[in-house]
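Numbers for residues simply follow the sequence, beginning at 1.
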Amino acid sequence: ERRLFEDKKFYTPNKKAKFIYEDIMSPPFEQNEEYPYILNTGRGTVGQWHTQTRTREIPDVEAIIMKEGYINLNTDLAEELDIKENDMVKVSSPNGVSNKFLVKLSRTVKKDQLYAPMHYIEANSVLPSIFDTYSKEPNYKYGPVKIEKIN
């Protein structure tokens, strides 16, 4: 079975790989007094995949995942903000988007950070729209936010 580039020849005139480097782009928004926390996103569970466009059609996966967007909040920060497990909060970012999240407390998230699975539109839409120059892949990874408890 043939493997791509096993012969060490690439689809370039000189048959060598071409690496493209550029300076690291600064994020459009920085953590500050108004937006003192960083929202990080990543995989929620092993059963979820990306935006759930396919995995939500699998009954066993659907049975174990949370139906609404949620964030993991550090227990010490939650205590400071008087936020409890399963409270609803509003997370807002400097891009003008705010969304509601269910709170899950966590000792593994850093105190000035929030963590949300990337599988929910609530998390991705709060983050700024930054795209890789070459692949046009969105960078739904992190951004500064503020959080407030919804009574």
Between the side chain of [X] and the main-chain N/O of [Y], is any donor-acceptor distance below 3.5 Å?
X: Ser93; Y: Val126; answer: yes
X: Asn124; Y: Ile121; answer: no
X: Gln31; Y: Pro36; answer: yes

Passes side chain to side chain contact (heavy atoms under 4.5 Å, CB included), Val91 versus Asn99? Steps please.
-> CA-CA 6 Å; Val91 175; Asn99 285 318; 5.9 Å; no

Which atom pair, heavy atoms only, marks the closest approach of [X] to [Y]?
X: Asn95; Y: Ser125; value: ND2-O, 3.6 Å
X: Val89; Y: Lys149; value: CG1-CA, 4.0 Å
X: Leu105; Y: Ile83; value: CD2-O, 4.5 Å
X: Val109; Y: Tyr115; value: CG2-CB, 4.0 Å
X: Tyr142; Y: Leu127; value: C-CD2, 3.5 Å

To the nearest 0.5 Å, what is the distance between [atom1] on [X] and [atom2] on [Y]?
X: Glu80; Y: Asn74; atom1: CD; atom2: CG; value: 8.5 Å
X: Ile147; Y: Leu73; atom1: CD1; atom2: CG; value: 5.0 Å
X: Thr75; Y: Lys84; atom1: OG1; atom2: NZ; value: 12.0 Å
X: Ser106; Y: Gln113; atom1: OG; atom2: CD; value: 11.0 Å

Regarding Asn86 and Lys104, is there a side-chain donor-to-acceptor distance under 3.5 Å anywhere?
->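 Indeed, the side chains of Asn86 and Lys104 share at least one donor-acceptor pair under 3.5 Å.
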
Can Met88 and Leu102 be said to form a side chain to side chain contact (heavy atoms under 4.5 Å, CB included), step by step?
-> CA-CA 5 Å; Met88 290 298 291; Leu102 183 70; 3.9 Å; yes

May I have the step-by-step check of side chain to side chain contact (heavy atoms under 4.5 Å, CB included) for Lys16 and Asn14, ending in yes or no?
-> CA-CA 5 Å; Lys16 292 184 178 182; Asn14 65 4; 3.5 Å; yes

Check the surroundings of atom NZ in Lys9: do more than 12 heavy atoms from other residues, nucleotides or ligands lie under 6.0 Å from it?
->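 No, the 6.0 Å shell around NZ holds no more than 12 heavy atoms from other groups.
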
Any chance CD of Glu79 has more than 12 other-residue heavy atoms, nucleotides or ligands included, within less than 6.0 Å?
->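 Counting neighbours around CD of Glu79, 12 or fewer heavy atoms of other residues, nucleotides or ligands fall under 6.0 Å, so no.
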
Ring pair (Phe, Tyr, Trp, His ring centres under 6.0 Å) between Phe10 and Phe5, worked out = CA-CA 6 Å; Phe10 293 81; Phe5 309 121; 4.5 Å; yes

Is Leu114 reachable from Leu81 through a run of I, L, V, M, F, W or Y residues, each pair having side-chain heavy atoms under 4.5 Å apart?
->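 Yes; tracing contacts between hydrophobic side chains, which count when under 4.5 Å, links both residues.
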
Kindly work out whether a path of hydrophobic side-chain contacts (I/L/V/M/F/W/Y, heavy atoms less than 4.5 Å apart) joins Val97 to Leu39.
->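 Val97 clusters together with Leu39.
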
Does Glu122 come within less than 4.0 Å of Lys100, counting only side-chain N to carboxylate O?
->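 Lys100 and Glu122: not salt-bridged.
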
Pairing of Lys111 and Asp76 as salt bridge, 4.0 angstrom limit =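 Looking at Asp76 together with Lys111, the answer is no, because their closest N to O distance does not fall below 4.0 Å.
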
Is the shortest heavy-atom distance from the side chain of Ile130 to the side chain of Pro28 under 4.5 Å?
->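 Answer yes - side chains close enough.
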
Classify the ring geometry between Tyr70 and Tyr120 as parallel (under 30°), tilted (30 to 60°) or perpendicular (over 60°).
->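 Judged by the thresholds at 30° and 60°, the geometry between Tyr70 and Tyr120 is perpendicular.
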
